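All figures in this text were calculated on a predicted structure; none of them were measured in a lab.
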Amino acid sequence: MQVLSKINKQSSIFTSLVSVFLGLLVGGVMMILAGYNPIQAYIALFQSAFLQPFDIGETIRTITPLILTGLAVGLAFRTGLFNIGVEGQFIIGQLAAVIVALKLDLPPVIHAIVAVIAGALGGALWAFLPGYLKAKRGVHEVITTIMLNFIALYLSNLTVREWLTDGADKTKEIPESASLHWNMLSQLFDSSRVHFGIFIAIVAAFFMYYLLWKTTTGYQLRAVGYNPHASEYAGMNVSRNIVLSMMISGVFAGLAGASELLGTAGYQAIQASYTGIGFDGIAVSLLGGNSPLGIVLSASLFGILTYGGSNMEYVAAVPREVIRVVFAAIIFFVAANIVRWVAQRRKKKVIDKGGEGK
Amino acid sequence: MINSLTDILATTILYMTPLLLTAMGGLFSERSGVVNIGLEGLMTIGAFTAVITTLETHNPWLGLIAAMIAGMLFSIPHAVASITFKADQVVSGVAINFLALGVAVYLVKALYEGAGQTPDVQEVLRKMPIPGLEKIPVIGPALFDVFPTTYLAFIIVFIGYFVLYRTPFGMRLRAVGEHPQAAETMGVNVYRMRYTGVIISGALAGLGGASLSIAIGSQFSESTIAGQGFIALAALIFGKWHPFGALGASAFFGFAVALALKGQLIGLTNYVPSEALSMLPYILTILALAGFVGRAEAPAAIGKPFETGGR
Amino acid sequence: MKLKALGALLLSAALVTVAGCGAAQDSKGGSKGQSAGLVTDVGGLNDESFNQNAWAGLQKAGKEMDFNVKALESKRDDEYIPNLTKFAREKRTITWGMGFKIQNALEKVSNQFKDQHFAIVDTDMGGKIPDNVAAVTFKEEEGSFLMGVIAGSMTKTNKVGFIGGITSPLIKKFESGYRAGVKAANPKAEVKVVYAESFTDSAKGRALASSLYNGGTDIIYHAAGGVGKGLFNEVKTRKQGKYWAIGVDMDQSKLAPDHTLSSMVKRVDVAVYDMMKKVKDDKFPGGEQVQIGLKDNGVGYADTTKEHVPAKVLKKVDDFKQQIIDGKIKVPANENELKKFKP
Amino acid sequence: MNAVEMKGITKRFPGIVANDRVNLTVKQGEIHALLGENGAGKSTLMNILFGLYQPDEGEIFIREKKTEITGPNIAGELGIGMVHQHFMLVDPFTVTENIILGSEPTQNGMIDQRKAEKEVQAISDRYGLKVDPRAKIRDISVGMQQRVEILKTLYRGADILIFDEPTAVLAPKEIDELIVIMENLVKEGKTIIFITHKLKEIMRICDAVTIIRQGKFIGRVDVADTDESRLASMMVGRDVSFTVDKKPAQPKETVLSIRNLRVKNSRGVDAVRGLDMEIKAGEIVGLAGVDGNGQSELIEAITGLKSAHKGEIVLNGKAITNLKPKAITHRGVGHIPEDRHRRGLVLDFSIGENMVLQTFDQKPFAKGWTLQYPQIFKHAKRLIKEFDVRTPDIHTPARALSGGNQQKGIIAREVDRDPDFLIAAQPTRGLDVGAIEGIHRRLIEQRDKGKAILLMSLELEEVWQLADRIAVIYEGKIAGWVDPATTTEEEIGLLMAGGQVGTEVSS
């Protein structure tokens, strides 16, 4: 699978805005045809995401892990890898964080830092395996990461039931010392659960930008992603970069898991199925053109729609699944670059000459 | 002992059927050069449509046909985006997954007054024993007393192989996936072949979804498919984009699941936690890939948008 | 592409319009003071299980006692807090949280909104129940015990099965009660226990059921949510009168009318209704755990049981029921208690 | 009778007029050359004739009948077939499958494999093509692949054949064979349009020439009435010298020596089989040979991209066998790779970023972990200026540059690192005459600076012009050394084909 640099280059902010608008339009049409009132629905949606401090806080909390999983997917894409395993790395991140939070006894702040780091390392470890198998054995990372997602889910449940508890459904609440909850911040948003994780997410986005475009490591990662043959020719270690890229991607995913656990949930429960946050990261990253800023913006949109969707269902009785349709439509419009297409139709017969000469 | 073998074989067959149908669908799309991450979504829409249609018409066969048609319809946006608009095929496939699950669950809620799942289908597809053959020891009950969709899956593997490797259509489809420019200079319409490949994938993945919802199961909910489409995608790659490879990979996966279940039934859970057994199929798949399968050769032009006259 | 995609959407949307709906989960009571809210777990409102039951009970209470009732569905675990908070902010008299998964969230929100009442189902909150919260739990083991008695009495192969969902204390309650019941009714019978490690994979349920039946088991009880659907799908295709399934939570006989021996029903609706009555009468049992078992008719066997279970067996079941109600039998609720259990 | 007549063909692309009122008249039964530099518009014109593009203006007559060729199918029906320069062959398919693709003989809906193979064999025999209908494309030689391309057109009954630079990838012996095949074809009544920029070949086999330059029609002449230098000036628009100006080499100490080297190819078979070679400072050693005789593997082994399982490579007295590419680069090896798009450039990087592909992590381009973009850009600007790389700016993606400028960029990067030993593999492939001259001048300049240079080229002409000594490689071994000043084409041709030659040049 080739690197998705193309959409990044072509998608301007304008394209994205038009696509978002068209996507909402599609959702609206669906609502009208099913006999719902889209205006009322959308008002309910955006109202709930923005109107009260509590809801703003909760919206930010929803956005937080999406930024991180989006970055995880985006970084892998940048280096030519498709990490469908963010979901599994997310779970392992949660697990590692909760283990440290419960099993270690450390002073406040330090405890939280160690737990976050453990989560990041857990994610990295879980991503190391597919990276290694891809680099050394040529095993397609899509298969291994899909398999590892399932394994992570069962492993987490097993650990919670057999080791962290005595056969219970969920672990104890993590101690205050390991929590990412920050009272001041929470109070600011009317005691919503917005937590320190949002800062981790923002820093991670900056880190991704800095890493990829300002460092020698990033130079290599991008070169390997664009053209492994030329990178090999230039003396870069392609295998090592593939493994590294997966691991950094895993770090982001693990951070997402750790911050969700330490900031939002406070315990790890036995899960019947995936949270979906990792898979949502794929969509977030693609819409954001795999660039850090784009990912932050698209995660925000996704978070607003997700959080608001619940209120939409409540107030306007519109099934919130319509949000998924809206998002699918937005991705289609961005990917097919509808704006450019329309512009081209206007100019007529204008063929992009840059696409030739392959 | 014999009984256990039959049992393992039967579970293998049960589990592999939807995977195999869907992987065969993916095969047609990817052989034509279009990556199809959207198999999961196409299965979802197939499963949904099959249930709805069967509930309305009380005829599961109509359900199967409707599932195929719905799969085809839902594959069209993927085809249009990735072939005509030259959008990134992975992106478009991801969008299909979102769209399908969104539309299906939205409609379930809208149709059944907010319900999370459809009512139960009474007229599900029943197992169809083949007289005589089902009496063969060990394999008889496992292979010849199965769902019609299972027979269908096996038939489709052979037809698929035949079509791909013995007919002009198949040769052109493969040529388009390997070297579209070459095919074009030979007068093959690359766009049409790719559209056909993607739409066939929709039909078969729809069928795969239907086999889960109205043969093995009897209703549709958000979790009916739950990752089966992704495993089918893995089976396709594992099977090196070949019909018999896909058959082998699906069978392997089904077998691993069967082993894990059998392990529970013979009381292994007294020594090993049941979650560990549940992980087994996935671990075995990774080991198999890392151990002996190794590098898979994808169709050469997979994922690359095609432009007429380009080189 | 836009046109075609829109076409597809229009088509599907047209379907919906034909079906003509637009469900609102709002049944306005119109009362000024009294109102109630219900927050589901991730199973959703129409889970054909306890969320649905609870909502039915709440709606009935709403109508009969003039409560304004509303429900909020949770899609993910992290939505419990915003959903509970929403009702608390609306100053609803009582807010229900459905399921043990919602415990931590309810703990936090109830602590924040001390003036309002909350109720939670299926957990005792670790024994520390806040003053403004009532915890409703069911003695599933007692109901399951009766299922075990039926299975133990009716098995012809002396092998009966149990399919669990994800291994957890709650499901272990079902298992322990069931095993104890089998033991009490038929000490010779063996209980084959398997867990699907899923609540949704009906294919797995079907494969497990099939293997169990093939291995000589003739009656299977499940506590596995959607996985159990696979059990009914499988038993339907087998010889009637020889292979049986036993349902859970609600009367599941409609899934396989000719093959369902019984169902262990859990009357969440009754529990909710009763609690609402207490609220109405200003007798809210804050800080208490309300345990509902056979005695309170909170658990029991489905009415349809008599169709396939002979009167003789049914009588035996009723005998055991009486003994449990009278406290002569203490039904084990976990593995340790089960080990000590002597019928 | 005129087999083809194209009148006033104009085709515009955004920003470019690829064909500007071009005329082409080809008589029945002749071999007609279409001559022009790279980018002159030859391919566009032929793609129009073949139906892949539609002209914006102009008319086409086939056998004196006006026609509109709206697609390859129509071209096929008109009996027009094209032998593409970049072979249009599906690698995993067999020869027969490639030939019948798109017009498969069937029986009951199934491909009639046996019938097809028989037919392919028959045509192959008739024109003396000697192909194995059952062989897989990926297993046969380049020359054989080209014959499959020819068979494709013949199978479809084409009688107007377009050959797009067919000799570019062939060895001298194969070129001879191709010429025989072309003559056979004409004898059987076919008409051939021969696209090329090699004047010798035109003089040797063609009847007439049409010359285009920068998309414009320059003229049509009969070969009998012209000579090489006149054709050359018509093609380029000025006088061209055919010899490269260079002083005699002054070889000094040995820089690179290779002993008994063995390297496997990607299929695990030995491609280099006990090769010995020495290159001295201040000389250009040309490596001649038919494609696929181990050239690529040899170069990849020297540069560390492939591992040698036997033998030794010594640079400046120190063994570099099987070191990592990075270490080899650091010890003073520069490498202009064979395939610039695959190996030489990261096309999605800017040209500036490409200029530090090996040195990005060294001072002054990096300080610790961080890249120093100002330094990188400064460096890139200097190289671009010095080596005359035509680009809007250093931030332009390498992809957007022309082939010649991409190659100039690579040479700038490799030469500027000041390596003792420079490998130039196919350095002028696909470039036009002007660019070729410049690159040749650079290589000579490096030689005169005292560098050791290994020049690998499939164009014998190029090796001949530049090299001070020529090593002919055959089946992974040096079959013989010849002196370009004294050798003959026959001699080299014989070596390339695995024959023995008496003369040996002492080194």
Side-chain angles (χ1 to χ4, degrees), chain A residues 22 26 29-37 48 52 54-55 58 61-62 65 153-154 157-158 161-162 165-170 172-173 190-193 260 264-267 269-273 275-277 306-307 309-311 313-314 316-320 325 328-329 332-333 336 338 341, chain C residues 1-2 5-6 9-17 19-26 41-43 70-83 85-86 89 99-101 103-105 107-109 112 123 126 165-172 197-201 225-226 334-335:
Chain A
L22 289 175
V26 168
V29 170
M30 262 196 97
M31 289 187 234
I32 290 172
L33 290 169
Y36 303 118
N37 181 347
S48 100
Q52 295 187 332
F54 176 83
D55 293 315
E58 285 291 324
R61 177 195 57 76
T62 313
L153 186 64
Y154 291 121
N157 287 355
L158 180 63
R161 195 164 54 82
E162 297 282 324
T165 69
D166 192 14
D169 305 294
K170 60 180 193 314
K172 284 186 309 206
E173 188 93 3
D190 205 0
S191 49
S192 76
R193 282 171 300 164
E260 265 304 270
T264 302
Y267 60 91
I270 284 180
Q271 299 281 336
S273 62
T275 59
I277 293 175
T306 305
Y307 185 74
S310 154
N311 195 51
E313 193 167 61
Y314 182 63
V318 180
R320 70 172 87 172
V325 178
F332 268 125
F333 290 134
I338 205 92
W341 185 72
Chain C
M1 117 131 229
K2 217 171 62 178
L6 273 180
L9 289 176
L10 284 174
L11 199 83
S12 43
L15 254 170
V16 180
T17 329
C21 38
Q25 288 109 23
D26 194 4
D41 75 350
V42 291
K70 267 201 143 188
L72 264 171
E73 288 191 291
S74 309
K75 269 259 131 139
R76 284 206 301 237
D77 288 349
D78 61 16
E79 289 181 3
Y80 298 145
I81 286 198
N83 286 347
T85 307
K86 180 172 258 150
R89 278 175 191 280
F100 62 85
K101 297 186 89 178
Q103 177 188 322
N104 287 47
E107 222 170 83
K108 281 177 192 157
V109 177
Q112 213 182 325
T123 172
I166 292 176
T167 316
S168 61
L170 179 65
I171 304 301
K172 283 282 175 193
E197 293 312 330
S198 162
F199 282 118
T200 53
D201 190 345
N334 57 46
E335 273 176 359

*Specify which of C:V42, C:I81, C:D77, C:N334 makes the most heavy-atom pairs with chain A at under 4.5 Å.*
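Ranked by heavy-atom pairs under 4.5 Å with chain A, first place is C:I81.
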_Partner chain A: residue of C:Q103, C:K75, C:E197, C:K101 with the largest heavy-atom pair count (under 4.5 Å)_ =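 If we count pairs closer than 4.5 Å to chain A, C:K75 comes out on top.
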*Would you mind telling me which of A:R193, A:K170, A:E173 has the largest number of heavy-atom pairs within less than 4.5 Å of chain C?*
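Maximum pair count with chain C is reached by A:R193.
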How long is the span from the [atom1] atom in [X] to the [atom2] atom in [Y], to the nearest 0.5 Å?
{"X": "C:K172", "Y": "A:D169", "atom1": "NZ", "atom2": "CG", "answer": "12.0 Å"}
{"X": "C:R76", "Y": "A:T306", "atom1": "CZ", "atom2": "OG1", "answer": "6.5 Å"}
{"X": "A:E58", "Y": "C:T85", "atom1": "CD", "atom2": "OG1", "answer": "6.5 Å"}
{"X": "C:F100", "Y": "A:I270", "atom1": "CZ", "atom2": "CD1", "answer": "8.0 Å"}

Examine whether an atom of [X] lies under 4.5 Å from a heavy atom of chain A, and if so say whether it belongs to the side chain, the backbone or both; otherwise answer neither.
{"X": "C:K108", "value": "side chain"}
{"X": "C:I166", "value": "side chain"}
{"X": "C:E107", "value": "neither"}
{"X": "C:N83", "value": "side chain"}
{"X": "C:T167", "value": "both"}

Specify the closest pair of heavy atoms between [X] and [Y], including all atoms of both residues, with the distance to one decimal.
{"X": "C:P82", "Y": "A:Y307", "value": "CB-OH, 3.6 Å"}
{"X": "A:R161", "Y": "C:S168", "value": "CD-N, 4.5 Å"}
{"X": "C:P169", "Y": "A:A168", "value": "CG-CA, 3.5 Å"}

Which answer fits [X], side chain, backbone, both or neither, if we ask what part of it has an atom under 4.5 Å from a heavy atom of chain C?
{"X": "A:D55", "result": "neither"}
{"X": "A:A265", "result": "backbone"}
{"X": "A:Q271", "result": "both"}

_Side-chain donor-acceptor contact under 3.5 Å, A:S191 with C:Q112_ = yes
*Evaluate the criterion side chain to side chain contact (heavy atoms under 4.5 Å, CB included) for residue pair A:Y314 and C:K70; output intermediate values, then yes/no.*
CA-CA 9 Å; A:Y314 182 63; C:K70 267 201 143 188; 3.0 Å; yes
Answer yes or no: is there an ion pair linking [X] with [Y], defined by an N-O contact shorter than 4.0 Å?
{"X": "C:R89", "Y": "A:D190", "answer": "yes"}
{"X": "A:E313", "Y": "C:K86", "answer": "no"}
{"X": "A:R61", "Y": "C:D78", "answer": "yes"}

